[in-house]
Asks: 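Would you mind keeping the following structure in view while I ask a few things?
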2 protein chains.
Amino acid sequence: MARKTGSHSEITGPRIRDAALRLFARHGYATVSMRQIAAEVGVQAGALYLYTADKQALLFDLMQDHMINLLAAVEALPQMPTPQARLEQFARFHIGYHLDRPDAVFIAYMELRNLSPENFATIEALRRRYEDYLQTILQDGAFALPDPKMATLALIAMLTGVTNWYREGGRLSREDVQTLYADMALRAAGVAGGAAQSG
Amino acid sequence: MARKTGSHSEITGPRIRDAALRLFARHGYATVSMRQIAAEVGVQAGALYLYTADKQALLFDLMQDHMINLLAAVEALPQMPTPQARLEQFARFHIGYHLDRPDAVFIAYMELRNLSPENFATIEALRRRYEDYLQTILQDGAFALPDPKMATLALIAMLTGVTNWYREGGRLSREDVQTLYADMALRAAGVAGGAAQSG
DNA sequence: GTCTATAGTACGATAGAC
DNA sequence: GTCTATCGTACTATAGAC
């Protein structure tokens, strides 16, 4: 800390991104200044511009990386035999993945309007691909949903909402929450028997 | 328009609030300047301070009014005979009320972190009262939910999510959306037969 | 009640020394 | 690669004329 000079390009870049992620999530992109980010990393503001073109690029890169990683993770899930198992797997995955990355998730949902139009379009396309993954599951006849597209958006909103209140070490464990939400998702989608009715 | 002087205290105040509501929702509290709000109303920036102590008070008043009106509206709903009917009524109400006030809703959910700590506590208390209204419904034995508090948060997140995608004049009517979401909420809460299975 | 003008501060981004 | 210093701009909020 407080080291004044030296070569740290492999380390400073990620640290800038980590600091920006945390600060943007906590205070909002528009509120956070480049000086704050620099102070968090322990460099001067000017040094940030060796690693990012500008503040907007910093936000965009964080969101794009998050969405690309999310997509890669969901598409790497093992194939499940039944529509019900696929939906349950998705619900558990979505909650687990989002609980692991609260800052990235928060930014991805809250800072869309601070993206430039072109950057917004790129992120929206990635998000749409993620939604399509769930929609494909829900389109299976086993669910008989009148509107799978709408159900997709409803379920994703429900599952993502867990990040608004879940706190590590609280009354419910991560597993509890995954089970309870997966059950609600299965029931909402019209499956009679959820995974575990807890009781 | 472009009138330069005169007495408009009864009219300028509400117009400032309307402009702030629209601009905050569209661009975010932190991004919008007092000059932008003033320009939208047609006065100079300094004139705003005759109607609000500062920018923070403007945001707080908008959020507080929204939450108070929302609470008054939900508490004025006619009493329904069964738990299922109460949940369906709540789901339809929540969606209808939120679709009618997209800007206020957006601000109430997105700008919480831009409130001062004291103002945040006030708004959170109001939100908690609204959640309690639904939680009371869900605590009825008819639903047999393992965790009514969590189910409350899950359902509110799902229902509120409709504001992220619904557009007037789109594929689904307001009534369609209310029906489909109410059905999903009823099923998620563990009620076998929803209001209308649409088929 | 609204205006013009401005004090005081903070910002994003860049230039040039080391 | 990081620093110091700074340019040009924008902001919130206030003071004082009308």
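Every chain is numbered from 1 and lettered A, B, ... according to where its sequence line falls, protein lines coming before strand lines. Computed from a predicted model, the values in this text were never measured in an experiment.
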Asks: In whole Å, what is the span from the CZ atom of Arg15(A) to the P atom of dG1(D)?
Replies: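 Result: 15 Å.
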
Asks: Can you check whether His98(B) and Phe93(B) have ring centres sitting under 6.0 Å from each other?
Replies: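 That pair fails the under 6.0 Å test.
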
Asks: For a quick test of your reading: what N or O donor-acceptor pairs under 3.5 Å do the side chains of residues 161-169 of chain A make, sequence neighbours left out?
Replies:
unit_1	atom_1	unit_2	atom_2	d
Thr163(A)	OG1	Thr160(A)	O	2.8
Trp165(A)	NE1	Tyr181(A)	OH	3.0
Tyr166(A)	OH	Arg174(A)	N	3.1

Asks: Could you give the NZ-to-C1' distance, from Lys55(B) to dA10(C), as a whole number of Å?
Replies: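 Nearest whole value for this atom pair: 13 Å.
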
Asks: Can you tell if the side chain of Leu155(A) reaches within under 4.5 Å of the side chain of Met184(B), non-hydrogen atoms only?
Replies: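 Yes, side chains in contact.
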
Asks: Other hydrophobic cluster members with Met80(B), side-chain heavy atoms of Ile/Leu/Val/Met/Phe/Trp/Tyr under 4.5 Å, chained?
Replies: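 In the cluster with Met80(B) there is nothing else; it is isolated.
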
Asks: Could you tell me whether the phosphate oxygens of dC3(C), OP1 or OP2, come under 4.0 Å of any side-chain nitrogen or oxygen in Tyr49(B)?
Replies: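 For Tyr49(B), the contact criterion (side-chain N or O under 4.0 Å from OP1 or OP2 of dC3(C)) is not met.
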
Asks: Backbone N or O of Leu126(A) within a donor-acceptor pair of the Gln64(A) side chain at under 3.5 Å?
Replies: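 Looks like no, no N/O pair under 3.5 Å.
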
Asks: Pick the nucleotide of DNA chain C nearest each of Ala47(B) and Ala53(A); which residue has the one closer to the 5' end?
Replies: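 It is Ala47(B) whose nearest nucleotide is closer to the 5' end.
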
Asks: Near DNA chain C, which residues from residues 30-38 of chain A have a heavy atom under 4.0 Å away?
Replies: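 Close to the strand are Val32(A), Ser33(A), Met34(A), Arg35(A).
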
Asks: Whole angstroms only, please: what is the CG-P distance between Leu50(B) and dT14(D)?
Replies: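 After rounding, the gap between these two atoms is 11 Å.
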
Asks: Nearest-Å distance, CG (Asp54(A)) to P (dC11(C))?
Replies: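 From Asp54(A) CG to dC11(C) P: 17 Å.
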
Asks: Taking atom C1' of dT14(C) as reference, at what distance in whole Å does atom CD of Gln44(A) sit?
Replies: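 In whole Å, dT14(C) C1' and Gln44(A) CD are 15 Å from each other.
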
Asks: Output the rounded distance in Å from CG (Leu48(B)) to P (dT14(D)).
Replies: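 Atom-to-atom, Leu48(B) to dT14(D), this comes out as 12 Å.
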
Asks: Determine, using ring centers only, whether His94(B) and Tyr130(B) are less than 6.0 Å apart.
Replies: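 Yes: the rings meet the under 6.0 Å criterion.
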
Asks: For dT2(C) and Thr12(B) - does any side-chain N or O of the residue sit under 4.0 Å from the phosphate oxygens OP1/OP2?
Replies: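 Checking dT2(C) against Thr12(B), a side-chain N or O does come within under 4.0 Å of OP1 or OP2.
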
